[in-house]
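Comments concern the structure below.
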Amino acid sequence: MDIVEGLFFALFWASATIATKFAVRSVDPFLLTCIRFLVVAVILLLYNYGIRKKHSRLPTRCEWGTLLILGTLNILVYMSGFLIAIKTVSAGLISLVMAANPLILIILSGIFLHKQPTPYQWTGIIISFAGLVFATIPNLAHNHATLTGLIALVIANISISAGSVYYSRSKPGLPKMLVNTWQITIGGLLFLPVIWFNKANNFIHPDLNFFLSFAWLVVPVSIIAYALWLHLLHKDPVKASGWLFLTPALGYLMAVIILHETVTLYGVMGAVLVITGLMYSRRKYSTASVGKSAK
């Protein structure tokens with residue numbers, strides 16, 4: 001059962017970029033994201049404060065400030081960077097870049113949480129970033145990516161990693177489900193001023209492509225995938241994190257099969273190196289064993 005849940009989580013999570021690529025053919029990406037998160041927010045608020053109202057409470061005054069920062073970092077800034085890149089960077093490369101998030105988190109944790117990376121983690125970081133360089137250079141050379149889009153992706157990755165570090169430091173008393181509910185709600189509301197300032201570019205064509213893409217982003221990606229993730233984390237956090245290693249490979253594969261993106265040797269090598277680096281960074285480092293081997 002765990003394997004089935006993990007596979008569905010990885011598939012749904014990896015499909016977000018593909019679904020967004022389809023959706024932006026019918027709607028402005030920022031308008032799409034604002035509507036998407038507000039709809040998800042309403043569903044989660046009804047679930048938590050309607051169906052599960054006995055187990056839910058409102059945030060305290062101090063927690064509201066924490067949630068505002070989380071909504072800004074994890075939703076507004078993160079999604080804005082992703083949306084800037086979605087039109088100018090190939091879906092396969094986006095999947096690889098976003099997969100590097102755990103490695104950026106390791107670096108930021110070392111800086112702000114004083115959790116110094118182990119030699120295995122540093123090695124994994126170097127291997128994965130080498131893979132990103134392999135995959136990025138031909139994309140830039142063949143106009144499958146722009147420098148602006150790549151910079152936006154890096155900013156998005158740093159932002160969501162910073163949000164994770166901030167969450168670890170602030171340790172709000174709310175359950176994870178409620179934290180996610182409120183950060184999505186606040187993030188969706190923060191997109192409203194963006195929509196206003198971007199109104200000259202707003203458009204929406206309510207065709208079949210829009211409704212199918214939007215429904216996929218709301219239900220399988222935003223609701224089911226996250227519910228599966230929380231369930232897998234509750235069972236075994238170590239095994240759960242292992243499923244994240246599948247997402248860059250699945251994202252790259254779906255980009256080739258569904259969007260007909262070109263398979264290149266650089267892209268395959270980049271994907272292999274990124275996944276290898278991610279897996280290597282998860283290895284345990286024992287100072288005791290190093291001491292024994294030195295003797």
Quiz item: Side-chain heavy atoms under 4.5 angstrom apart, residues restricted to Ile, Leu, Val, Met, Phe, Trp, Tyr: same cluster for Tyr167 and Ile111?
Solution: yes
Self-check item: Met79 reachable from Val77 in the ILVMFWY side-chain graph, under 4.5 Å edges
Solution: no
Exercise. Looking only at non-hydrogen atoms, find the nearest pair between Ile94 and Ala85 and report the distance.
Key: CD1-O, 4.1 Å
Quiz prompt | Ring-ring centroid check Phe12 Trp216, cutoff 6.0 Å | solution = yes
Quiz prompt | Student check: side-chain heavy atoms of Val179 and Thr66 closer than 4.5 Å | solution = no
Quiz item: Just by distance, do the side chain of Asn202 and the backbone of Asp28 share a donor-acceptor pair under 3.5 Å?
Solution: no
Quiz prompt | Value rounded to 0.5 Å, distance of CG in Leu58 from CG in Leu174 | solution = 9.0 Å
Quiz item: side chain to side chain contact (heavy atoms under 4.5 Å, CB included) between Cys34 and Val194: does it pass, once the steps are laid out?
Solution: CA-CA 9 Å; Cys34 183; Val194 176; over 6 Å; no
Self-check item: Atom of Asn74, atom of Ser159 and distance for their closest heavy-atom approach
Solution: OD1-O, 4.2 Å
Quiz prompt | Identified side-chain contact (heavy atoms from CB on, under 4.5 Å) counterpart of Phe30 within the set Asn198, Asn201, Ile35 | solution = Asn198
Self-check item: Side-chain donor/acceptor of Gln116 to backbone N/O of Gly110, under 3.5 Å
Solution: yes
Exercise. State, to 0.1 Å, how close Tyr49 and Arg57 come at their nearest heavy-atom pair, and which atoms those are.
Key: OH-O, 2.7 Å
Self-check item: Basic-acidic side-chain contact under 4.0 Å: Lys21, Glu261
Solution: no
Practice problem: Examine distances only and state if a side-chain atom of Asn209 and a backbone atom of Phe22 form a donor-acceptor pair shorter than 3.5 Å. | Solution: yes
Quiz item: Crowded around Lys87 NZ? As in, over 12 foreign heavy atoms under 6.0 Å?
Solution: yes
Exercise. Start with the C-alpha gap between His55 and Met177, add the side-chain angles, then the distance that decides, and say whether side chain to side chain contact (heavy atoms under 4.5 Å, CB included) holds.
Key: CA-CA 11 Å; His55 306 283; Met177 177 62 79; over 6 Å; no
Quiz item: Do Ser161 side-chain atoms and Ile104 backbone N/O form a donor-acceptor pair below 3.5 Å?
Solution: no
Exercise. Go through the steps for Ile75 and Ile184 under the test side chain to side chain contact (heavy atoms under 4.5 Å, CB included), then give the verdict.
Key: CA-CA 7 Å; Ile75 306 297; Ile184 285 177; 4.2 Å; yes
Quiz item: Are side-chain heavy atoms of Phe37 and Leu76 found at a separation under 4.5 Å?
Solution: no
Quiz item: Nearest 0.5 Å, what's the CD1-CD1 distance between Ile107 and Ile158?
Solution: 9.0 Å
Practice problem: Considering non-hydrogen atoms only, spot the tightest contact between Ala91 and Ile18 and give its length. | Solution: CB-CD1, 3.9 Å
Quiz item: Given side chains that start at C-beta, do those of Ser213 and Thr20 come closer than 4.5 Å, heavy atoms only?
Solution: no
Quiz item: What distance do Leu11 atom CG and Thr247 atom OG1 have between them, rounded to the nearest 0.5 Å?
Solution: 10.5 Å
Quiz item: Within the side chain of Glu5, is there an N or O that forms a donor-acceptor pair under 3.5 Å with the backbone of Leu228?
Solution: no
Quiz item: What are the two closest heavy atoms between Leu103 and Gly124, and how far apart are they?
Solution: CD1-O, 4.0 Å
Quiz item: Between His205 and Phe203, what is the ring plane arrangement, given parallel below 30°, perpendicular above 60°, and tilted in between?
Solution: tilted
Practice problem: Output the distance between atom CG (Leu108) and atom OG (Ser164), rounded to the nearest 0.5 Å. | Solution: 9.0 Å
Self-check item: Gln183 side-chain N/O to Asn180 backbone N/O, donor-acceptor pair under 3.5 Å
Solution: no
Quiz prompt | Co-membership, hydrophobic cluster, residues Phe9 and Val218, 4.5 Å side-chain | solution = yes
Quiz item: Taking everything shown except Phe214 itself, do over 12 heavy atoms lie less than 6.0 Å from its CZ?
Solution: yes
Exercise. Drop me the distance from Thr276's OG1 to Ile127's CD1, to the nearest 0.5 angstrom.
Key: 7.0 Å
Quiz item: What's the shortest heavy-atom distance between Ser15 and Val221, and which atoms?
Solution: OG-CG2, 3.8 Å
Exercise. Would you please test Ile160 and Leu73 for side chain to side chain contact (heavy atoms under 4.5 Å, CB included) and show each step?
Key: CA-CA 6 Å; Ile160 197 168; Leu73 292 173; over 6 Å; no
Quiz item: Just wondering, do Phe82 and Thr17 contact through their side chains at under 4.5 Å, heavy atoms?
Solution: yes
Quiz item: Is there a path of hydrophobic side-chain contacts, each under 4.5 Å between heavy atoms of I, L, V, M, F, W or Y residues, that connects Val39 with Ile224?
Solution: yes
Exercise. Look up atom CD1 in Ile43 and atom OG1 in Thr181, then write down how far apart they are to the nearest 0.5 Å.
Key: 11.0 Å
Quiz item: Do the non-hydrogen side-chain atoms of Leu32 and Leu217 ever get within less than 4.5 Å of each other?
Solution: yes
Quiz prompt | Single-linkage hydrophobic cluster Val42~Val219, side-chain heavy atoms < 4.5 angstrom | solution = no
Quiz prompt | Under 3.5 Å donor-acceptor, Asn48 side chain and Lys53 backbone | solution = no
Practice problem: Compute the centroid of each ring, for Trp13 and then for Trp229, and state whether the two points are separated by less than 6.0 Å. | Solution: no
Self-check item: Heavy-atom check, side chain of Ser26 versus side chain of Ile204, under 4.5 Å
Solution: no
Quiz item: So with a 6.0 Å cut-off around OH of Tyr166, is the heavy-atom count from everything else above 12?
Solution: yes
